[in-house]
Colleague: 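I'd like to ask you about the structure that follows.
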Number of protein chains: 2
Amino acid sequence: MNVTIADLAKMTGLAKSTISGVLNNKSGFSEKTRQKVLKAAEQYGYVPNEIARGLTSKFTKTIGLVIKDITNPFYNQITKGVQEIANAFGYTVFLCSSGEDHEAEINQIEAMVGRRVDGLIIAPLLEEVTFDHIYELKRKSLPFALLGKIPGLDCDWVEFDDYSGGRQAAEHLIENGHTQIGFITGLRTSRASKMRYSAFKDTLVANGLTLNPDYVFHEAQSFMDGVEIGQRVLQMDRRPTALICFDDVIAMGVIKALEQSGLKVPDDLSVIGFDDIDMMLFPLTTVSIPTYEAGKTLARILFERIFDGETREFKQKVFDVKLVTRNSVKRLHQS
Amino acid sequence: MNVTIADLAKMTGLAKSTISGVLNNKSGFSEKTRQKVLKAAEQYGYVPNEIARGLTSKFTKTIGLVIKDITNPFYNQITKGVQEIANAFGYTVFLCSSGEDHEAEINQIEAMVGRRVDGLIIAPLLEEVTFDHIYELKRKSLPFALLGKIPGLDCDWVEFDDYSGGRQAAEHLIENGHTQIGFITGLRTSRASKMRYSAFKDTLVANGLTLNPDYVFHEAQSFMDGVEIGQRVLQMDRRPTALICFDDVIAMGVIKALEQSGLKVPDDLSVIGFDDIDMMLFPLTTVSIPTYEAGKTLARILFERIFDGETREFKQKVFDVKLVTRNSVKRLHQS
DNA sequence: TTGTATGCGTTATCAA
DNA sequence: TTGATAACGCATACAA
C-alpha cells in the first residue's frame, strides 16, 4: 500500500541498503545512483516510515505533551511554546488533555510510553493524588519534564511562583483598603490553587485580617463556574468588597455575572485574576504568568535531557509572576 | 532499556509467542502460565511497544489532527471533539498547528504520514493555495477527513454554512436599520472568511445598499488585530454604524478598543461576531457555530473510513449556523 | 498448551 | 561504490 525502500530497490534494481544510504545523505555513492534513487523516491511519493526507523534508531522523533485542559488559554500558550521548539528540532508532538482527570492522565501517559516517545512533558495533577505513574517513568529512565514539581522527586521541572502571586494579589487589595476579601479556588488537585490560596490566607493573617469562610468558594474550573459563583456572591447580604479568582477565565465568569445584574467591576466588587490571558476584554488586574516562555523552556530542557542523557544534572526553574494592575480594583477610602 | 516481550520470555522461561498470546488475551493458555506472564509483565512494568506492533498490524492506533491556530477557541473546540472520539476508540492523536502557514501545513502532514497515522483530520488553508499534498493523501489512499471542502476533490469532509452565516449577520443589521455596515475579513487563505464576506456583499446589494470600501478591513487574525482595527475605526470621520467581524476573537478586540476610548457597544457601534465562543464577557450578537459537534463528527467519519475502508461512499456534511442575538446591535430609528 | 519461524520497513555492519 | 544480512519488538501461522 505504502511505497517502501524495498519497492524502490525493486524499481531501480539497486539494493535496499543503497536506497537507504542515499536517502539519508550518506557519502560514498556515485552521482548516477544518487540521482536514480532520488528520482524514483520523488516519483513514487516515498515517505520514510518513521516507525520502522524508530525501531532501529532508538529515536522516534516524537514527544508527548499531557496538559490538563485544552480549552484554557493558559495551556494553549504552554502548548504553543512546546510545539514551536519541538518543530524546530524536527519533532512531532502527541498532545493529550487529561481533562483534570487522574485516570485519564495515567492512561494518556501509558499510551505515549507505548508509542515510545523520546520524552514527555507533563502538567500533572499535583494534589490529593498518587505519582506512581511518574515514578515509573523515572524507573524506565524515560526523559520527562514536569510543569510543577513533585516533592521528593528529583527530575526536570518548571514551575511558577504561585505563592508569590497569591501574596501579591492579596497585598494589592489590602493596600487599596480592602478587608472583606473573598477567594475562588481551583480544583483540589491543583497545586497552583493551593499555593495561591495559602499565600492569600497567610497575607490576611500577616495584616491582622480575618478570613470570612463565607467568602471562599471552592473547585471552580470553567467560565460557567465563575458565572455561578458570581451570581451567588451578588445575592449575599454582606458581600465581600473584593474577590481573588483562581484564573482569568473564572474571573471573566464572575464579571459576566455581575454585569448581567447591572453591577459594575470594580465599583461594586473588585476582582483579581491569574494568568493575564489575551482575549481579555475587561481591564482586569491580574497576576501575569509567563506561560508561553515556560512552554518553550520545558521543551528546551526536555530536549537537553533527550540528547545529553541522564548524565547532566536535573534542571529546575521557577518563573516569577507579577501583578499587573489595570482597572478592576477599587481604591477604598481608608488606608 | 525498555522491557520487551523477549525479556519477559527470558524471565519466565516461556516463549515469546506465549507471552504475546497471553498479553493479547488469546485463548488456549493454562491459568498457571497466564498468571505467570501477567505477574511478570506487571512486575517489570512492561508496556507493549505500539510501534513494533504497528509494524506488523497495519494499525498504529494513531490519527493526526492538523489545525490552523491552537490559541483560537474555535479550534480548541474542534480539537476537544476529535480527542474525545479518538480516545473512545483507543486512539492517540498527533496534534499540529499550522499557524495558518501553508508550508508548515505541508510539513506537518508529511511528518504524520511518515509516522503512519491511520488517518488524518485536516483543517487546510483553502484559498490561494495548492492542494497537491492533499491529493497525494488520496493517491496513497490514506484515510482523511477535511474541515472544509476542496472543489473537485471527492473525499470525506465537514463544513459550516458560512455563506448563510454571513447573510444572517448582514440581514440582522439591515433589519435593525443599519446601512453603513463595515466588515473585517480573516486571512486571504480562509474559505470561511471569503464566504462570509461574499454573503455580506450580496446581501447588501440585494437590499439596495452600497458598500463603502473604507469600511472593509482585511486580514485580521488575532485579538490584537481586532484592537488595531477598532482603533482605526473610531478615528474615522464618518464611522460605520455596524461592523461584522470574521470571528469572536477579533470582535472582542474591536470592543476592547472602543471601550478603551470610552465608546460603547452597541450605542456607538454595533458589532457582530462569528463562533459564539465561551469565555465571552460581552453580550455579543454572533453567529453560533457547532464546532465541538463538528470535531466529533469529523472523527467519527474518519474512523468509519479507517475501519470500513474505501468501499463506502464519501460522507459530506454541512452544519447549519445560526445567529444568536444578544446585545451588541443597536436598533436604529428607521425601518 | 507451548515453541519456532517469518515478516513488517528501516538502519547498520560487514563483505564484495 | 554497492550489496547482502542481521537486528529492532512484535504478531501470526504453523509445528510440536
Side-chain angles (χ1 to χ4, degrees), chain A residues 1-38 40-41 44-62 90 111-118 140 142, chain B residues 1-38 40-41 44-62 110-118 140 142:
Chain A
M1 181 170 275
N2 241 312
V3 37
T4 73
I5 270 192
D7 296 332
L8 293 184
K10 202 169 287 172
M11 316 310 320
T12 58
L14 294 165
K16 289 198 300 177
S17 51
T18 306
I19 310 286
S20 172
V22 171
L23 258 24
N24 287 293
N25 269 319
K26 306 263 175 189
S27 60
F29 297 95
S30 68
E31 196 50 33
K32 202 174 126 200
T33 31
R34 186 178 292 278
Q35 288 309 324
K36 206 198 243 174
V37 171
L38 262 26
Y44 294 103
Y46 171 77
V47 179
N49 185 329
E50 293 292 343
I51 284 179
R53 198 175 250 175
L55 247 194
T56 42
S57 85
K58 282 296 158 213
F59 285 108
T60 57
K61 300 204 78 176
T62 279
M112 292 184 175
V113 172
R115 254 120 213 161
R116 295 298 185 269
V117 291
D118 292 342
K140 282 184 160 46
L142 178 63
Chain B
M1 181 170 277
N2 240 311
V3 37
T4 73
I5 269 193
D7 296 333
L8 293 185
K10 202 168 287 172
M11 317 308 321
T12 58
L14 295 166
K16 290 199 298 178
S17 57
T18 307
I19 311 287
S20 171
V22 171
L23 259 24
N24 287 292
N25 269 317
K26 307 265 174 189
S27 59
F29 298 95
S30 68
E31 197 49 34
K32 204 174 122 199
T33 25
R34 184 177 293 277
Q35 287 309 324
K36 206 199 250 176
V37 171
L38 262 24
Y44 295 102
Y46 171 77
V47 180
N49 186 330
E50 292 293 342
I51 283 179
R53 197 175 251 173
L55 250 194
T56 42
S57 85
K58 282 295 159 216
F59 285 109
T60 56
K61 299 204 77 175
T62 278
E110 172 143 340
M112 294 185 175
V113 172
R115 254 120 215 162
R116 296 301 186 268
V117 291
D118 292 341
K140 283 185 159 48
L142 178 62

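Here the structure is a predicted model, which means the values were calculated and not measured. We use all heavy atoms of the structure for the numbers below, so side chains are in, but hydrogens, waters and symmetry mates are not.
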Colleague: For Gly13(B), report the nucleic acid contact type (base, sugar-phosphate, nothing); a contact means any heavy atom under 4.0 Å.
Modeller: sugar-phosphate
Colleague: Angle, rounded to 10°, between the helical axes spanning five pairs at each terminus of the helix from dT1(C)-dA16(D) to dA16(C)-dT1(D)?
Modeller: 50°
Colleague: Taking side-chain hydrogen bond (donor to acceptor under 3.5 Å, both in side chains) as the definition, give me every residue that meets it alongside Ser30(B), ordered by chain and number, with sequence neighbours left out.
Modeller: Thr33(B)
Colleague: Between protein and nucleotides 9-16 of chain C, map the contacts as a letter string: B base, S sugar-phosphate only, - none, heavy atoms under 4.0 Å, written 5' to 3'.
Modeller: BBBB----
Colleague: Rounded to the Å, how far apart are Glu31(B) CD and dT2(C) P?
Modeller: 11 Å
Colleague: Just to verify, what does Asn24(A) make a side-chain contact (heavy atoms from CB on, under 4.5 Å) with, not counting sequence neighbours?
Modeller: Ser20(A), Lys26(A), Arg53(A)
Colleague: Which is true for Leu14(A) with a 4.0 Å heavy-atom rule: it touches a base, it touches only sugar-phosphate, or it touches nothing?
Modeller: sugar-phosphate
Colleague: Would you be so kind as to tabulate the donor-acceptor pairs closer than 3.5 Å made by side chains of residues 3-16 of chain B, with sequence neighbours excluded?
Modeller:
unit_1: Thr4(B); atom_1: OG1; unit_2: Ala6(B); atom_2: N; d: 3.1
unit_1: Thr4(B); atom_1: OG1; unit_2: Asp7(B); atom_2: N; d: 3.3
unit_1: Asp7(B); atom_1: OD2; unit_2: Thr4(B); atom_2: N; d: 2.8
unit_1: Thr12(B); atom_1: OG1; unit_2: Leu8(B); atom_2: O; d: 2.8
unit_1: Thr12(B); atom_1: OG1; unit_2: Ala9(B); atom_2: O; d: 3.4
unit_1: Thr12(B); atom_1: OG1; unit_2: Leu14(B); atom_2: N; d: 3.3

Colleague: With a 4.5 Å heavy-atom cut-off, do Arg34(A) and Asn25(A) have their side chains touching?
Modeller: yes
Colleague: Under 3.5 Å, side chain of Lys140(B) to main-chain N/O of Val113(B), donor-acceptor pair present?
Modeller: no
Colleague: Report the distance from atom NZ of Lys32(A) to atom C1' of dT2(D), rounded to the nearest whole Å.
Modeller: 13 Å
Colleague: Measuring from the side chain of Ser30(B) (C-beta onward, heavy atoms only), which nucleotide among dT2(D), dG3(C), dT1(C) has the closest atom?
Modeller: dT1(C)
Colleague: Does Gln35(A), at its CD atom, have more than 12 non-hydrogen atoms belonging to other residues, nucleotides or ligands within less than 6.0 Å?
Modeller: yes
Colleague: Indicate the atoms forming the closest heavy-atom contact of Leu23(A) with Ala41(A), along with that distance.
Modeller: CD1-CB, 4.4 Å
Colleague: Looking at residues at least two apart in the chain, or sitting in another chain, which of them share a side-chain contact (heavy atoms from CB on, under 4.5 Å) with Asn49(B)?
Modeller: Arg116(A), Ile51(B), Ala52(B)
Colleague: To the nearest angstrom, how far is Ile19(A) atom CD1 from dT1(D) atom C1'?
Modeller: 14 Å
Colleague: Separation of Phe29(B) atom CZ from dT12(D) atom P, in whole Å?
Modeller: 12 Å
Colleague: Between atom CZ in Arg34(A) and atom C1' in dT1(D), what is the gap in whole Å?
Modeller: 11 Å
Colleague: Are side-chain heavy atoms of Thr62(A) and Arg115(A) found at a separation under 4.5 Å?
Modeller: no
